[in-house]
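Below you'll find the structure, written out as structure tokens, and then a few comments.
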Amino acid sequence: TRTSRPQRILKAVQRKATVGDPQSVITAIDHFCRHREWAMNVGDEKGSILDSVVSEVSPVTVLELGTYCGYSTVRIARLLPPGACVITLEFNPDYAAIARQVIKWSGLEDKVQLVEGASGDWIPWMKEHFGVQAFDLVFLDHWKERYLPDTKLLEECGLIQKGTVLLADNVICPGTPDYLEYVRNSPRYNSHYYRSHLEYTKAEDGLEKSVFLGY
Ligand SMILES: O=C(NC/C=C/[C@H]1O[C@@H](n2cnc(C(F)(F)F)c2)[C@H](O)[C@@H]1O)c1cc([N+](=O)[O-])cc(O)c1O
Ligand SMILES: [Mg+2]
């Protein structure tokens, strides 16, 4: 049968990017997805906003929900200082296998912990299994109807504490209305919308940054 889209994205990385050079991996994926085949990476425009938030927060521990091919994992990991790491959760084993190779090609495997499974199964074990006290930054880019329940689960598990920054992709397109309503109306979050465009298109989309203020 035909290759999958993630397999074609990995091929583009292996053809065009330099091993150990994260920026070339990012550039190769963006070029492929803009000129050959669209894919649901956060992309270069929203990716620059992600970069600025990562740099501003300078997190020690990051949680990413939704690895897909590892594009945003590489964007985040390349900005982390030694000793910092991103734990990225991926439900689909085929996507996880591709992402591992993309992350390895970028040379950032020491800063990334890719975990396969469902958020509901893994989030309650994060503290015990990874020795995480609380996350400094959470990047939400998985199934849109899971943003709100998983945020509430992270709160309940004590993984979101005063100062934790949530950054959510696709709050306009495809949209995460219940999540947006929650973080914008909750007295415990300070939210800001970064207006942008859906990756590789002219459609509106944006990132919502929400800082937890504590209880
Ligand atoms: O549907 C979109 N994204 C869904 C993304 C889903 C990805 O998150 C993984 N996941 C599921 N649960 C977990 C966890 F972590 F819970 F275990 C991880 C899924 O296997 C998939 O790889 C999307 C769609 C569009 N679009 O334009 O249609 C644009 C975008 O930027 C998008 O992100
Ligand atoms: Mg997205």
Side-chain angles (χ1 to χ4, degrees), residues 6 9 22 25-26 29 39-44 46-81 83-106 108-127 129-151 153-155 157 159-160 164-171 176 179 183 194 199 207-212:
I9 287 171
V25 169
I26 292 163
I29 295 174
M40 61 182 179
N41 316 118
V42 73
D44 44 359
K46 289 186 289 178
S48 298
I49 300 167
L50 169 61
D51 290 356
S52 64
V53 171
V54 173
S55 301
E56 169 203 332
V57 175
S58 54
V60 175
T61 45
V62 182
L63 174 65
E64 174 180 63
L65 298 174
T67 317
Y68 187 45
C69 296
Y71 173 89
S72 49
T73 320
V74 168
R75 284 203 84 108
I76 294 166
R78 88 191 199 289
L79 298 174
L80 297 182
C85 85
V86 46
I87 297 172
T88 181
L89 224 42
E90 178 46 57
F91 180 79
N92 181 310
D94 299 325
Y95 296 169
I98 297 293
R100 288 188 198 286
Q101 296 174 77
V102 168
I103 292 159
K104 194 157 176 53
W105 199 273
S106 70
L108 292 166
E109 62 273 24
D110 294 347
K111 294 183 182 297
V112 177
Q113 180 92 288
L114 197 162
V115 180
E116 290 182 42
S119 48
D121 297 337
W122 270 103
I123 287 173
W125 292 104
M126 287 279 166
K127 282 189 182 242
H129 199 273
F130 297 104
V132 173
Q133 209 262 327
F135 289 110
D136 302 304
L137 174 66
V138 181
F139 180 53
L140 300 96
D141 192 20
H142 60 326
W143 293 320
K144 308 315 160 195
E145 68 281 358
R146 291 297 311 171
Y147 280 30
L148 183 54
D150 287 342
T151 296
L153 184 56
L154 285 163
E155 288 176 3
C157 295
L159 289 162
I160 292 176
T164 296
V165 174
L166 307 184
L167 188 65
D169 189 27
N170 311 118
V171 295
T176 62
Y179 171 82
V183 290
Y194 293 85
E199 49 267 26
L207 302 174
E208 187 84 0
K209 182 181 81 170
S210 307
V211 185
F212 189 63

Residues which pass salt bridge (Lys or Arg N to Asp or Glu O under 4.0 Å) with D150, listed by chain and number, not counting sequence neighbours: R146
Q113 side chain near V115 side chain, heavy-atom distance below 4.5 Å: yes
Any donor-acceptor pair under 3.5 Å from E208 side chain to V171 backbone: no
Any pair counted as side chain to side chain donor-acceptor pair (under 3.5 Å), so long as it reaches residues 93-104, sequence neighbours left out: R100-E116
Spatial distance of atom CD (E199) from atom CE (M40) [nearest 0.5 Å]: 9.0 Å
C85 SG to L108 CG distance, which is reported to the nearest 0.5 Å: 12.5 Å
Atom of P59, atom of A84 and distance for their closest heavy-atom approach: O-CB, 3.5 Å
Test side-chain contact (heavy atoms from CB on, under 4.5 Å) applied to R78 and V25, step by step: CA-CA 11 Å; R78 88 191 199 289; V25 169; over 6 Å; no
Partners passing salt bridge (Lys or Arg N to Asp or Glu O under 4.0 Å) against K127 (at least two apart in sequence or in another chain): none
Y147 (side chain) donor-acceptor with D169 (main chain) under 3.5 angstrom: yes
Straight-line distance of E155 CD to I160 CD1, nearest 0.5 Å: 5.0 Å
Sub-4.5 Å side-chain heavy-atom contact between I98 and I9: no
Inter-residue atom distance K46.NZ - N170.CG, 0.5 Å rounding: 4.5 Å
With sequence neighbours excluded, residues passing salt bridge (Lys or Arg N to Asp or Glu O under 4.0 Å) with E56: K209
Under the side-chain contact (heavy atoms from CB on, under 4.5 Å) test, residues paired with F91 that sit two or more places apart: A118, W143
Identified side chain to side chain donor-acceptor pair (under 3.5 Å) partner of R75 from the options N41, D51, D44: D51
Sidechain-backbone polar pair: T164 side chain, F135 backbone, donor-acceptor under 3.5 Å: yes
Aromatic centroids of Y68 and H142 separated by under 6.0 Å: no
Stepwise side-chain contact (heavy atoms from CB on, under 4.5 Å) check, V42 with F139: CA-CA 11 Å; V42 73; F139 180 53; 4.0 Å; yes
Heavy-atom side-chain contact between L80 and V62 under 4.5 Å: yes
Side-chain heavy atoms of L207 within contact of V53, under 4.5 Å: no
Nearest atoms (heavy-atom pairs only) where S119 meets P124: O-CD, 4.0 Å
Pairwise distance OG(S72) to CD(E64) - rounded to 0.5 angstrom: 3.5 Å
Contacts of L148 that satisfy side-chain contact (heavy atoms from CB on, under 4.5 Å) - sequence neighbours left out: K152, D178, Y179, Y182
Flag side-chain contact, heavy atom, 4.5 Å: L167 against V57: no
From CA spacing to verdict: side-chain contact (heavy atoms from CB on, under 4.5 Å), F130, T61: CA-CA 10 Å; F130 297 104; T61 45; over 6 Å; no
Pairwise distance OG1(T73) to CD(E90) - rounded to 0.5 angstrom: 9.0 Å
Working for side-chain contact (heavy atoms from CB on, under 4.5 Å), residues L50 and I76: CA-CA 8 Å; L50 169 61; I76 294 166; 4.0 Å; yes
D141 side chain to G66 backbone, donor-acceptor under 3.5 Å: no
T67 to A99 - nearest heavy-atom pair and separation: CG2-CB, 3.6 Å
